[in-house]
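Reviewing the structure listed below.
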Protein chains: 2
Amino acid sequence: MLSNSSKYALKAVLYLGINSSEEKKVLSKEISDRTNIPKAYLSKILQPLSRHHIVSSVRGPGGGFYLSKENRAVPLIDIIHIIDGDHRLTSCLLSLKECNAEHPCPLHDLVGDTKVRFVKNLEGTTVEDLVADIEAGRSFLPL
Amino acid sequence: MLSNSSKYALKAVLYLGINSSEEKKVLSKEISDRTNIPKAYLSKILQPLSRHHIVSSVRGPGGGFYLSKENRAVPLIDIIHIIDGDHRLTSCLLSLKECNAEHPCPLHDLVGDTKVRFVKNLEGTTVEDLVADIEAGRSFLPL
DNA sequence: TCTTTTTTATGATATTTATCATATTCTAGG
DNA sequence: CCTAGAATATGATAAATATCATAAAAAAGA
């Protein structure tokens with residue numbers, strides 16, 4: 001469903017959503033320590049996120065990672081697409097190119113709209129939505 | 001979601017569902033040729049399926065693989081469990097051990113019951129159900 | 001401009017998954 | 001009981017993913 005890497009990406013972004021701001025930047029080492037994501041691996045994941053403006057970063061002393069207002073408005077699906085590409089989530093259960101609603105593979109109706117709805121949820125939910133849930137105690141920050 | 005191996009397993013079982021019977025056994029080579037599953041890899045997948053009585057097999061001249069009446073009544077989830085284990089399908093989206101409905105991770109409600117329902121469908125659907133769909137033209141056999 | 005702090009980039013290793021190859025066991029038939 | 005046809009078992013290789021390590025670039029401050 002999701003690769004390890006995109007799970008880590010989501011965790012890291014959520015950590016920044018809760019613990020960072022333009023004024024309070026966070027070191028990758030801190031994210032790594034608190035979330036138990038291996039340090040060097042995390043760095044490799046943060047790079048494309050930074051390049052694609054999912055997270056913000058400044059280097060040098062006093063630098064670090066943080067989420068800007070714009071970053072917080074990013075839909076979750078973008079994070080997954082950047083890390084996993086856009087095929088992994090949407091492809092047919094049997095990885096058949098020719099499978100669709102009009103010409104369904106045998107498993108097609110077993111997933112039915114469930115996967116479609118899940119993807120729609122990922123498109124319609126932003127980072128700040130999840131941060132709000134965590135801050136309201138409706139879910140917990142994965143550490 | 002599903003490993004390559006369990007996709008192959010499902011395809012192979014469906015091929016047998018359509019093309020085999022107690023009287024008409026099928027060589028692994030034929031399955032491989034028709035479904036484009038690599039021959040040696042397919043053999044490795046058929047072995048645990050045979051051991052767990054998901055498919056039937058006899059060796060020696062005139063032998064091969066086939067589905068018995070009992071094999072056809074096997075729910076799909078069994079095939080996936082044998083190949084992938086039972087964690088891959090049911091685990092939390094972020095692979096968090098502590099995630100559940102009362103203590104949900106931030107993504108929990110995005111999947112919501114959709115995954116639960118999918119698994120229920122896999123439990124409630126048998127090989128013969130899918131074979132019937134294919135034979136009735138409601139879906140196609142993946143070749 | 002030098003040093004330190006931090007991200008960014010690149011490359012190396014390890015682990016898992018997928019694939020290939022071959023030897024072994026079983027069974028039917030001559 | 002010998003031979004050939006098949007599944008079964010085991011081990012080797014390749015490719016993808018995850019992880020580790022280090023060097024380079026940028027930015028701030030002295």
Side-chain angles (χ1 to χ4, degrees), chain A residues 1-13 16 20 24-33 35-68 71 80 82-85 87-88 91 94-95, chain B residues 1-13 16 20 23-33 35-68 71 80 82-85 87-88 94-95:
Chain A
M1 186 89 94
L2 302 182
S3 71
N4 225 333
S5 295
S6 61
K7 290 175 190 171
Y8 283 165
L10 288 165
K11 285 188 193 179
V13 169
L16 288 174
S20 82
K24 183 169 178 301
K25 304 183 179 61
V26 166
L27 302 190
S28 70
K29 174 135 191 1
E30 175 183 331
I31 307 178
S32 160
D33 286 347
T35 62
N36 291 308
I37 302 172
K39 184 172 72 66
Y41 192 15
L42 172 64
S43 300
K44 216 163 204 170
I45 290 168
L46 286 173
Q47 286 164 32
L49 295 182
S50 172
R51 232 179 301 120
H52 288 88
H53 309 293
I54 306 294
V55 304
S56 302
S57 66
V58 307
R59 33 185 170 187
F65 293 92
Y66 67 97
L67 296 194
S68 67
N71 294 152
I80 294 167
I82 285 168
I83 303 292
D84 285 348
H87 197 250
R88 183 164 189 146
S91 73
L94 293 176
S95 305
Chain B
M1 186 88 95
L2 302 182
S3 72
N4 224 333
S5 295
S6 60
K7 290 174 192 174
Y8 283 165
L10 288 164
K11 287 187 192 179
V13 168
L16 288 174
S20 82
E23 299 80 39
K24 182 170 178 302
K25 303 184 180 60
V26 166
L27 301 189
S28 70
K29 174 132 190 6
E30 174 184 332
I31 307 177
S32 160
D33 287 346
T35 62
N36 292 309
I37 302 171
K39 182 173 73 67
Y41 192 16
L42 173 65
S43 299
K44 217 164 205 168
I45 291 168
L46 287 173
Q47 285 164 34
L49 295 182
S50 171
R51 230 179 304 120
H52 288 88
H53 309 293
I54 305 295
V55 303
S56 302
S57 66
V58 308
R59 35 185 170 187
F65 293 93
Y66 66 96
L67 296 194
S68 67
N71 295 150
I80 293 167
I82 285 167
I83 304 293
D84 285 346
H87 198 251
R88 182 165 188 146
L94 294 176
S95 305

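Each chain gets a letter, A, B and so on, in the order the sequences are listed, and its residues count up from 1.
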Tell me which residues in residues 4-12 of chain B put a heavy atom below 4.0 Å from DNA chain C, sorted by number, or none.
-> N4(B), S5(B), Y8(B)
Is a side-chain donor-acceptor pair under 3.5 Å present for Y8(A) with T35(A)?
-> no
Going by atom types only, do K7(A) and S95(B) share a side-chain donor-acceptor pair under 3.5 Å?
-> yes
Let me know the distance between [atom1] of [X] and [atom2] of [N], rounded to the nearest Å.
X      : N       : atom1 : atom2 : answer
K25(A) : dA27(D) : NZ    : P     : 13 Å
K29(A) : dT22(D) : NZ    : P     : 16 Å
E30(B) : dG5(D)  : CD    : C1'   : 16 Å
D84(B) : dT17(C) : CG    : P     : 9 Å
N36(B) : dA18(C) : CG    : P     : 17 Å
D33(A) : dT6(C)  : CG    : P     : 13 Å

Could you pull out the closest heavy-atom pair between Y66(B) and N71(B), with the gap in Å?
-> O-OD1, 3.7 Å
Strand-adjacent residues in residues 38-49 of chain B, judged by heavy atoms under 4.0 Å from DNA chain D = K44(B), Q47(B)
Where the side chain of [X] meets the backbone of [Y], is there a donor-acceptor pair that is under 3.5 Å apart?
X      : Y      : answer
D84(A) : L2(A)  : no
S32(B) : I37(B) : yes
S56(A) : L67(A) : no
S6(B)  : A9(B)  : no

By nearest nucleotide on DNA chain D, pick out whichever of G63(B) and G60(A) is the more 5' one.
-> G63(B)
Tell me whether the OP1 or OP2 atom of dA7(D) has a side-chain N or O from R51(B) closer than 4.0 Å.
-> no
Compare side-chain N and O positions of S50(A) against OP1 and OP2 of dT8(C) and report whether any pair is under 4.0 Å apart.
-> yes
Residues which pass ring pair (Phe, Tyr, Trp, His ring centres under 6.0 Å) with F65(A), listed by chain and number, not counting sequence neighbours | none
Only one of V26(B), V55(B), I31(B) passes side-chain contact (heavy atoms from CB on, under 4.5 Å) with S20(B), and that residue is V26(B)
Go through the structure and list residues passing side-chain hydrogen bond (donor to acceptor under 3.5 Å, both in side chains) with K39(A), not counting sequence neighbours.
-> none
N4(A) meets the side-chain hydrogen bond (donor to acceptor under 3.5 Å, both in side chains) criterion, sequence neighbours left out, with none
Nearest-nucleotide check on DNA chain C, R59(B) vs S57(A); residue mapping nearer the 5' end is S57(A)
Side-chain atoms of P61(A) come closest, of dA7(D), dT4(C), dT7(C), to dT4(C)
Specify the angle, to 10°, made by the local axes at the two ends of the helix from dT1(C)-dA30(D) to dG30(C)-dC1(D) when five pairs are taken at each end.
-> 10°
